Amino acid sequence: MASVNAQIKRGSAELAVLTLLAEHPLHGYEIAKQIEAQTNGVLRFDMASLYPMLHRLERKSWVKAEWQTLPNGRRRRCYGLTASGRKQIAPLREQWRAFFHALQSVTGFQNA
Amino acid sequence: MPDWKQIVRKNLRVLRACSPEFTEEVAAHLEDSYEALLREGVTAGVAFQRTMSQIEGRRKSWLTLHLLKEELMNVLTRMNGFIRKVALPGLLTFAAYAFTMNAWMFVPAHIHSKIYRLELYRLFDVPFLLLPLGIWCLLCLLPICGALGGFLSQRNGGSRPQRIAAALFPSEIIGFLFLLVFADDFALSRFLPGYWWNTAVVLKEFGLTLLEYVVLPAAFLLLGAGVAEKIGRDRSQTHCNI
């Protein structure tokens, strides 16, 4: 599997996380695991990159975190999308679409 | 099962100082990673090593840097709140206070002397009423300054203690300066031989000065802030009723 440049990964990470959280709130570990599973390991977060990004999104008020007690009694800090965060998804998707379109025109690369 | 909270506290000392909440979050993440590895059939020792690698070396440095950045952002956010809710309204109150207290200079000289002749000590034999009538007139204008401070702080989302602090800002600054001068004089009298110091006289003068320049203005400023708050509350209730 081809590895992805860190800059591209960082730029796409916000969209990936917001899209994932649009379905339901998740805690940090679940977010990392689900993104890894859905992208067949192409996008992989470690703690040092995941939590700074989640906290950045929280500061922008795009996500909101709250502690929840799981059925097994453990406490996890779950991140959910705010109304403001939900509004960001469509423009971000559009930006990425435009980016890929531009890249495709220059390089002739085609979607699989 | 390893005590992940303890491990995180030990390995990321900066976390312990900065954010107990993030300590718990990181510990929870490591716990989930470790258990997932065990479920995959990895031995406990290898699972522990692989989990620990998430907070070691370069990753540890990144996490530490991130935490320091977060703390700095929090401090700046708090400072920004203090500036908007207390310092700025307080400084405007102080400006209004300074203008009011100096307004005495703009009173024409012939009125000046007439008011001075009416010193209240002729009427009451109480120390703080020894103040000239002119100062009392100026003090009566101070509630407007206090109301201004309270109102501006309230407009910027200040809590009740923050509104009080903003309204009392002039008294706080002057009180602090007087205390500084008092402490300085006291220190000089201890170390400089021949430096004049008479405790009874100094304490009496200091008390009267505090009363005149700090306590009395504070009472008037607070009165203004209280009235402004009550008017604001009554108005908002009226709006709700409508």
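Since this is a predicted model, take the numbers as computed values, not measurements. So you know, we letter chains A, B, ... as the sequences are listed, proteins then strands, and number each from 1.
At most 12 heavy atoms of other shown residues, nucleotides or ligands fall within 6.0 angstrom of atom NZ in A/Lys87. At most 12 non-hydrogen atoms from other residues, nucleotides or ligands lie less than 6.0 angstrom from CZ of B/Arg155. More than 12 heavy atoms of other shown residues, nucleotides or ligands fall within 6.0 angstrom of atom CZ in A/Arg59. By the neighbour-count criterion of 12 heavy atoms within 6.0 Å, atom NE2 of A/His24 is densely surrounded, having more than that number from other residues, nucleotides or ligands.
Here the options are B/Lys60, B/Glu25, B/His29, B/Arg59, the test is side chain to side chain contact (heavy atoms under 4.5 Å, CB included), and the partner is A/Met47; only B/His29 passes.
With a 4.5 Å cut-off on non-hydrogen atoms, B/Ser33 touches chain A through its backbone and its side chain both. When heavy atoms are compared at a cutoff of 4.5 Å, A/Arg77 approaches chain B by way of both its backbone and its side chain. Contacts of B/Glu31 with chain A are made by side-chain atoms alone, with heavy-atom separations under 4.5 Å and no backbone atom involved.
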Check your understanding: Step by step, would you call B/Trp62 with A/Ser49 a side-chain contact (heavy atoms from CB on, under 4.5 Å)?
Key -> CA-CA 8 Å; B/Trp62 273 114; A/Ser49 57; over 6 Å; no

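In summary, B/Asp32 and A/Lys33 do not engage in a salt bridge, as defined by a charged side-chain N under 4.0 Å from a carboxylate O.
To the nearest 0.5 Å, the span separating CD1 on B/Ile55 from CG on A/Asp46 amounts to 12.0 Å.
Counting heavy-atom pairs closer than 4.5 Å to chain B, the top residue among A/Ala48, A/Gly28, A/Pro52 is A/Pro52. In terms of heavy-atom pairs under 4.5 Å with chain A, the best-connected choice from B/Arg58, B/Gln54, B/Glu24 is B/Glu24.
In this structure, B/Ala28 and A/Arg75 approach most closely via the heavy-atom pair CB-O, 4.3 Å.
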